[in-house]
Colleague: 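Questions regarding the structure given below will be posed in turn.
Order of the sequence lines fixes the chain letters, A, B, ..., with proteins taken first and strands second; residue numbering starts at 1 for each chain. Computation of the quantities below employed the complete heavy-atom set of this structure, encompassing side-chain atoms and omitting hydrogens, waters and symmetry-equivalent molecules.
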Amino acid sequence: MRSSLFFYPTLKETPQEAQVASHRLMLRSGMITQVTSGIYSWLPLGLRVLKKIAQIVREEQDRAGSLEVLMPTIQPAELWERSGRYHDYGKEMLRIKDRHERDMLYGPTAEEVITEIFARFIKSYRDLPKRFYNIQWKFRDEIRPRFGIMRGREFLMKDNYSFDLTIEGAKASYQAMLEAYVRTFARMDLTAIPVRASSGAIGGNLSHEFQILAETGESEIFYDVDYEKLDVNTLTLDHLQTLYAASDELHDSQNCPVPLERLKTARGIEVGHVFYFGTKYSIPFNAYVMGPDGKQIPVEMGSYGIGVSRLVGAIIEAHHDERGIKWPESVAPFRVGLLNLNMKDAACSQLCEDIYLKLLQGGIDVLYDDRDMGPGAKFADMDLIGLPWQIIVGSRGVALGQCEVKNRRTDERVQLSIEDALKWML
RNA sequence: CGGGGUGUAGCGCAGCCUGGUAGCGCGCCUGGUUUGGGUCCAGGAUGUCGGGGGUUCAAAUCCUCUCACCCCGACCA
């Protein structure tokens with residue numbers, strides 16, 4: 001993509017409303033723009049990142065044996081009356097009426113919809129276990145939206161729902177999701193700590209929150225240092241349950257099982273939440289299957305959320321410096337930024353064109369800054385939007401047949417011949 | 001919802017106290033200049049001063065109602 005044809009309205013100054021780093025940087029790099037309180041439009045640069053994150057989440061959900069569906073954003077109130085949540089959910093639920101004055105709502109989650117789907121079609125234990133997920137926009141009318149898309153009212157969430165015949169089966173599903181989550185966050189260069197949590201409005205008795213360590217996190221968490229050594233490949237639910245991690249309101253320093261020297265404290269951003277809640281929805285929605293003994297059994301359920309749009313902010317919180325964002329390669333909007341420092345120099349521009357075309361041919365996602373601007377502005381913009389690699393071509397280097405390759409995260413720079421630079425990238 | 005604050009050009013702000021033709025920086029447009037860390041020079045465009053009502057000869061400025069947004073707290077992916 002050529003910068004001259006792309007659209008990323010970068011800002012030199014920070015809009016006054018933005019306090020936290022991710023919010024500031026998302027606005028300044030032209031990833032998002034606010035429509036109204038807690039509701040944002042995603043501009044091309046931001047959307048690229050959002051899609052990459054969603055794709056990683058999708059791949060790991062699929063790998064864990066889940067099936068993707070797509071459920072509606074608008075749901076009928078009747079469905080929620082059946083679970084009793086139409087009343088319980090309170091003002092966080094956006095309630096609307098259609099032209100027939102029927103009560104509708106913008107879905108904050110989808111237990112009701114998915115359980116009804118399950119109940120409609122699945123009748124036998126032989127079809128279990130099943131796990132369905134979707135990645136869909138949700139709306140929760142938060143008391144106080146803040147931090148940009150980190151606590152928006154409208155947000156993109158992956159929500160997965162598991163259906164098992166037995167409690168043991170449900171725990172296996174739960175564990176599969178825990179493992180998928182650890183793997184998902186690791187792919188985005190995030191250290192996620194599963195913190196034991198109360199299950200809140202969703203109900204049930206087993207629940208973990210996934211917290212990303214970040215200074216600007218909203219909650220304080222206490223955890224065993226061993227959490228930092230978790231290995232995705234050996235992770236088990238039993239092992240997780242032996243480790244201590246708690247949010248500040250749950251943490252009791254008097255009765256903490258972890259000795260002080262192994263207890264760490266940090267700020268966390270909640271990016272995922274997993275629940276086991278048994279038959280809370282299967283009974284009211286008639287989600288029963290016939291068991292091997294010919295008896296009707298209500299299915300054991302769990303649900304598993306990941307805040308996909310929130311992850312964009314969480315990743316920036318974890319990966320930025322004073323100049324801008326430092327994207328992990330897996331979620332970067334482009335892998336390489338190609339800087340033409342002198343558009344008016346024909347040799348320099350010709351060289352950049354060659355490099356650009358070769359990168360494209362090599363399947364490299366590249367943003368070629370071909371705008372007619374001074375070098376300083378180009379450096380500043382490129383550091384701000386935070387692409388992992390920069391290939392810098394100026395008149396100086398052209399004379400020597402060289403360019404500079406810079407790693408945004410480490411700030412390491414090497415002077416390379418054009419051929420070597422291309423080899424480096426490809 | 002309780003507490004605090006802000007609305008003036010695309011962004012950041014001054015002007016308001018003490019009423020009198022609406023300003024600055026950045027950005028934007030034109031021309032030139034510069035080209036390895038937000039070049040420099042010249043010229044130019046852009047405002048229902050958040051909205052309604054009131055006081056006044058006169059309101060961005062005073063009064064009043066209202067709307068929106070932000071920050072701190074309790075909730076949440």
Side-chain angles (χ1 to χ4, degrees), chain A residues 9-20 23-24 27-28 30 33-39 53 57 89-93 107-110 135-160 181 192 197-202 207-212 218-219 247 249 268-275 303-314 323-324 339-345 348-349 371-384 390 392-399 402-404 406 411 413 415:
Chain A
T10 55
L11 302 173
K12 203 164 165 180
E13 285 167 299
T14 302
Q16 125 209 17
E17 72 270 17
Q19 302 297 314
V20 302
H23 190 194
R24 281 201 307 268
L27 291 173
R28 285 194 53 213
T33 189
Q34 187 177 49
V35 175
T36 187
S37 179
I39 300 180
I53 291 172
V57 170
Y89 222 94
K91 290 186 176 167
E92 238 179 63
M93 177 183 279
T109 174
I135 297 175
Q136 176 64 292
W137 292 93
K138 304 294 189 294
F139 195 95
R140 294 184 190 171
D141 202 352
E142 295 284 344
I143 297 168
R144 185 153 94 82
R146 60 181 138 173
F147 304 153
I149 48 87
M150 292 256 276
R151 189 204 278 331
R153 293 193 292 171
E154 187 183 52
F155 59 97
L156 189 60
M157 182 167 93
K158 183 284 298 178
D159 40 321
N160 187 325
Y181 276 30
S198 63
S199 45
I202 296 204
S207 175
H208 284 88
E209 291 172 355
F210 280 80
Q211 299 274 357
I212 300 301
E218 291 189 84
S219 41
S247 57
E249 64 264 20
I269 299 168
E270 185 185 348
V271 292
H273 205 156
V274 296
F275 305 90
S303 74
Y304 316 89
I306 288 181
V308 175
S309 47
R310 177 178 283 181
L311 272 170
V312 179
R323 294 199 308 273
L339 286 81
N340 182 346
L341 296 187
N342 190 352
M343 289 298 293
K344 295 236 164 65
D345 178 332
C348 185
S349 291
R371 296 172 299 175
D372 189 11
M373 291 170 24
K378 291 195 176 185
F379 284 126
D381 264 0
M382 199 56 83
D383 284 346
L384 175 62
Q390 297 175 11
I392 300 161
V393 183
S395 303
R396 198 172 80 190
V398 171
Q402 288 195 331
C403 61
E404 182 178 297
K406 172 179 146 180
D411 212 36
R413 301 141 190 267
Q415 293 289 334

Colleague: If you restrict it to nitrogen or oxygen atoms, what contacts under 3.5 Å exist between nucleotides 41-49 of chain B and the protein, and what is each distance?
Modeller:
none

Colleague: Which is more 5' along RNA chain B, the nucleotide nearest A:Gly397 or the one nearest A:Met150? Just name the residue.
Modeller: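 Comparing both residues, the 5'-ward one is A:Gly397.
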Colleague: Given B:C71, B:G38, B:C76, which nucleotide is nearest the side-chain atoms of A:Arg28?
Modeller: B:G38
Colleague: When you measure from the side chain of A:His273, which nucleotide among B:A77, B:A74, B:G37 comes out closest?
Modeller: B:A77
Colleague: Which one, B:G38, B:C69, B:C76, comes nearest to the side chain of A:Ala377?
Modeller: B:G38
Colleague: Among all residues two or more places apart in sequence or in another chain, which pass the side chain to side chain contact (heavy atoms under 4.5 Å, CB included) test with A:Leu11?
Modeller: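 Expected list: A:Pro15, A:Arg28.
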Colleague: With centres under 5.5 Å and planes under 30° as the test, does A:Phe155 stack with B:A77?
Modeller: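 Whether judged by distance or by angle, A:Phe155 passes, so it stacks on the base of B:A77.
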Colleague: Quick one: do the A:Ser349 and A:Asn340 side chains pair a donor with an acceptor below 3.5 Å?
Modeller: yes
Colleague: Can you tell me how far C1' in B:A60 sits from the matching atom in B:G23, rounded to whole Å?
Modeller: 12 Å
Colleague: Side chain of A:Pro375 only, heavy atoms from C-beta on: which candidate in B:C75, B:C71, B:G36 is closest?
Modeller: B:G36
Colleague: Applying a 4.0 Å non-hydrogen cut-off, can you work out what A:Leu156 is touching in the nucleic acid: base, sugar-phosphate, or nothing?
Modeller: nothing
Colleague: Identify which nucleotide among B:C76, B:G38, B:G36 has an atom closest to any side-chain atom of A:Phe379, counting heavy atoms from C-beta outward.
Modeller: B:G36
Colleague: Would you say A:Arg140 and A:Met157 make side-chain contact, with heavy atoms under 4.5 Å?
Modeller: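 A side-chain contact exists here, since the closest heavy-atom pair is under 4.5 Å.
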Colleague: Please report the shortest heavy-atom distance between A:Asp141 and A:Lys91, naming the atom on each side.
Modeller: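 Distance-wise, the nearest heavy atoms are CB-O, 3.6 Å.
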Colleague: Where do A:Phe210 and A:Ala192 come nearest, in terms of heavy atoms and distance?
Modeller: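 Closest approach of A:Phe210 to A:Ala192: CD2-CB, 4.0 Å.
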Colleague: Would you indicate which nucleotide in B:C72, B:A77, B:C69 comes nearest to any side-chain atom of A:Gln34?
Modeller: B:C69
Colleague: I want to verify a distance call: between B:C69, B:G36, B:G37, whose nearest atom is closest to the A:Glu404 side chain?
Modeller: B:G36
Colleague: Please determine whether a side-chain nitrogen of the Lys or Arg among A:Arg153 and A:Glu142 lies less than 4.0 Å from a carboxylate oxygen of the Asp or Glu.
Modeller: no
Colleague: Provide the distance between the two C1' atoms, one in B:C69 and one in B:G27, to the nearest whole Å.
Modeller: 23 Å
Colleague: Using only heavy-atom distances, decide whether a donor-acceptor pair under 3.5 angstrom links the side-chain of A:Arg140 to the base of B:C76.
Modeller: no
Colleague: Hey, does A:Lys344 reach any base, or is it just sugar-phosphate, or nothing, if we go heavy atoms under 4.0 Å?
Modeller: base
Colleague: Mind checking the P distance from B:C57 to B:G44? Whole angstroms is fine.
Modeller: 39 Å
Colleague: Side chain of A:Ile143 only, heavy atoms from C-beta on: which candidate in B:A74, B:G38, B:U35 is closest?
Modeller: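 Shortest atom-to-atom distance from the side chain points to B:A74.
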Colleague: Search all heavy atoms of A:Gly313 against all heavy atoms of A:Ile149 and return the closest pair with its distance.
Modeller: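 The pair with the smallest heavy-atom distance is N-CD1, 3.6 Å.
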Colleague: Is there a side-chain contact between A:Arg144 and the phosphate of B:C71, meaning an N or O under 4.0 Å from OP1 or OP2?
Modeller: yes
Colleague: Roughly how many Å apart are B:G53 and B:U61, using the P atom of each and rounding to a whole number?
Modeller: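 Here B:U61 and B:G53 have their P atoms 14 Å from each other.
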Colleague: If only side-chain N and O atoms of A:Arg310 are considered, is one of them under 4.0 Å from the OP1 or OP2 phosphate oxygen of B:C76?
Modeller: no
Colleague: Before accepting this row, confirm whether a basic side-chain N of the pair A:Asp411/A:Lys406 lies closer than 4.0 Å to the acidic partner's carboxylate O.
Modeller: yes
Colleague: Between protein and nucleic acid, restricted to nucleotides 7-15 of chain B and to nitrogen or oxygen atoms under 3.5 Å apart, what atom pairs and distances do you find?
Modeller:
| residue | atom | partner | partner atom | Å |
| --- | --- | --- | --- | --- |
| B:C11 | O2 | A:Glu13 | OE1 | 3.4 |
| B:G12 | OP1 | A:Gln16 | N | 3.1 |
| B:C13 | OP2 | A:Gln16 | OE1 | 3.3 |

Colleague: Taking atom types as modelled, find out whether A:Gln136 and A:Asp159 have a side-chain donor-acceptor pair closer than 3.5 angstrom.
Modeller: no
Colleague: Under 4.0 Å between any heavy atoms, over every strand shown, what does A:Asp159 touch: base, sugar-phosphate, or nothing? Just pick one.
Modeller: nothing
Colleague: If you compare all heavy atoms of A:Phe275 against all heavy atoms of A:Ser207, which two are closest, and at what distance to 0.1 Å?
Modeller: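 Looking at all heavy atoms of both residues, the closest pair is CD2-OG, 3.7 Å.
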Colleague: Could you give the distance separating B:U8 and B:G51 at their P atoms, to the nearest angstrom?
Modeller: 10 Å
Colleague: For A:Arg413, which contact category applies under a 4.0 Å heavy-atom criterion: base, sugar-phosphate, or nothing?
Modeller: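 The answer is base, as A:Arg413 lies within the cut-off (heavy atoms under 4.0 Å) of a base atom.
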Colleague: Base, sugar-phosphate alone, or nothing: which one does A:Gly152 contact when heavy atoms must sit under 4.0 Å apart?
Modeller: base
Colleague: Once hydrogens and angles are ignored, does a donor-acceptor distance under 3.5 Å link the base of B:G37 to the side chain of A:Asp383?
Modeller: yes
Colleague: For the side chain of A:Arg146, starting at C-beta, report the closest nucleotide among B:A77, B:C69, B:C71.
Modeller: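 Closest nucleotide among those given: B:C71.
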Colleague: Between B:A59 and B:C40, how many Å separate the two C1' atoms, rounded to a whole number?
Modeller: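 Nearest-Å result for B:A59 against B:C40 at atom C1': 42 Å.
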Colleague: Pick the C1' atom in B:G4 and in B:A45, then give their distance to the nearest Å.
Modeller: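 About 39 Å, rounded to a whole number of Å.
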Colleague: What's A:Gly305 touching, base or sugar-phosphate or nothing? Going by heavy atoms closer than 4.0 Å.
Modeller: nothing
Colleague: Can you see which heavy atom on A:Cys403 is nearest to which on A:Val393, and at what distance?
Modeller: CB-CG2, 3.9 Å
